[in-house]
Amino acid sequence: MKLGIATDHGGFGLKEELLARLKADGHEVTDFGAHSLAPADDYPDYVLPLARAVTAGEVERGIAICGSGVGASVCANKVHGIRAALIHDHFSAKQGVEDDHMNILCMGGRTVGPEVAWDLVKTYVEAVYSSEPRHLRRLGKVAEIEAGKLN
Ligand code: RB5
């Protein structure tokens, strides 16, 4: 799969590890940075280009990391068409795609270890959106909120 990955200093080590593992598994991964550990950097500078690449179709799905994953998810969800979620568990990594069409997985570099993070990423990448009518209906309502048609 064509994937993108981004992090600030809070997830730099985890990003490097996941990038290597994804490439070893045959995925084409664009690294949106940080490209070196910069303790004063800001997650929006990396998450926004990733989110834009997802909505532009340049990558199919994204992985966004910061210290907790909270800032990354808040930032990513400001971009129209992004359905990002902070994920800590296997069930949500799978169902988040199957039911909610999640297109950016967010994680905390300070809250998950590398093996848990790898399980979440593999589960996310392997999951397929179900396109079930009830999920299409719900996501249609989410899209209406985003378009300012539903309050
Ligand atoms: C940066 O220190 C930290 O605040 C950031 O990575 C993230 O956790 C924000 O949600």
Side-chain angles (χ1 to χ4, degrees), residues 1-25 27-127 129 135 138-139 141-148 150-151:
M1 184 180 283
K2 278 179 103 169
L3 297 165
I5 194 165
T7 188
D8 68 357
H9 57 280
F12 184 73
L14 181 60
K15 187 265 287 177
E16 292 294 293
E17 170 122 17
L18 293 172
L19 184 61
R21 289 196 190 200
L22 284 165
K23 284 183 175 173
D25 265 16
H27 295 285
E28 191 183 321
V29 193
T30 303
D31 183 358
F32 289 88
H35 297 292
S36 60
L37 180 58
D41 66 3
D42 303 325
Y43 56 81
D45 296 334
Y46 311 109
V47 173
L48 181 59
L50 166 66
R52 286 187 172 144
V54 171
T55 57
E58 292 160 18
V59 298
E60 288 172 59
R61 290 184 199 171
I63 298 158
I65 311 170
C66 64
S68 63
V70 173
S73 61
V74 168
C75 178
N77 277 312
K78 297 296 180 194
V79 176
H80 276 212
I82 291 299
R83 296 172 297 275
L86 173 55
I87 300 292
H88 292 105
D89 67 280
H90 182 94
F91 177 84
S92 302
K94 185 168 187 282
Q95 192 194 267
V97 175
E98 291 175 345
D99 291 10
D100 308 311
H101 213 181
M102 172 171 63
N103 53 13
I104 294 190
L105 170 81
C106 302
M107 291 183 298
R110 296 172 179 153
T111 61
V112 292
E115 295 309 323
V116 170
W118 179 234
D119 175 66
L120 299 178
V121 166
K122 268 195 309 178
T123 304
Y124 164 66
V125 166
E126 287 165 14
Y129 177 51
H135 299 311
R138 290 162 191 163
L139 284 171
K141 292 181 181 181
V142 172
E144 283 185 39
I145 296 168
E146 193 174 58
L150 191 67
N151 291 306

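Counting starts at 1 for both ligands and their atoms, in listed order.
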Kindly compute the distance separating [atom1] ([X]) from [atom2] ([Y]), expressed to the nearest 0.5 Å.
| X | Y | atom1 | atom2 | result |
| --- | --- | --- | --- | --- |
| Glu58 | Thr30 | CD | OG1 | 8.5 Å |
| Leu19 | Leu14 | CG | CG | 11.0 Å |
| His101 | Arg83 | NE2 | CZ | 5.0 Å |

[atom] - nearest protein heavy atom and its distance:
| atom | result |
| --- | --- |
| atom 2 (O) of ligand 1 | His9 NE2, 2.9 Å |
| atom 8 (O) of ligand 1 | Ser68 N, 2.9 Å |
| atom 7 (C) of ligand 1 | Cys66 SG, 3.2 Å |

Any protein heavy atom < 4.0 Å from atom 4 (O) of ligand 1: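 Under 4.0 Å from atom 4 (O) of ligand 1, zero protein heavy atoms found.
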Within-cut-off N or O pair, Gly69 and ligand 1, under 3.5 Å: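 No, there is no polar N/O contact under 3.5 Å.
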Residue Asp8 vicinity, atoms of ligand 1 by number, heavy atom under 4.0 Å: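 Heavy-atom distances to Asp8 below 4.0 Å select 1 (C), 5 (C), 6 (O).
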For ligand 1, which atoms have a heavy atom of Gly67 less than 4.0 angstrom away?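 Per the distance check, 5 (C), 6 (O), 7 (C), 8 (O).
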Is it the case that over 12 heavy atoms from other parts of the model lie below 6.0 angstrom from the CD atom of Glu146? yes
Minimum-distance pair of heavy atoms, taken over all atoms of Lys15 and Ala34: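 Closest approach of Lys15 to Ala34, heavy atoms only: NZ-O, 2.8 Å.
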Can you give me the closest heavy-atom contact between Thr111 and Ser68, atom names plus distance?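 Heavy atoms of Thr111 and Ser68 come nearest at OG1-O, 4.1 Å.
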Measuring from atom 10 (O) of ligand 1, which candidate in Gly11, Gly71, Cys75 has the nearest non-hydrogen atom?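 Checking each option, the heavy atom nearest atom 10 (O) of ligand 1 is found in Gly71.
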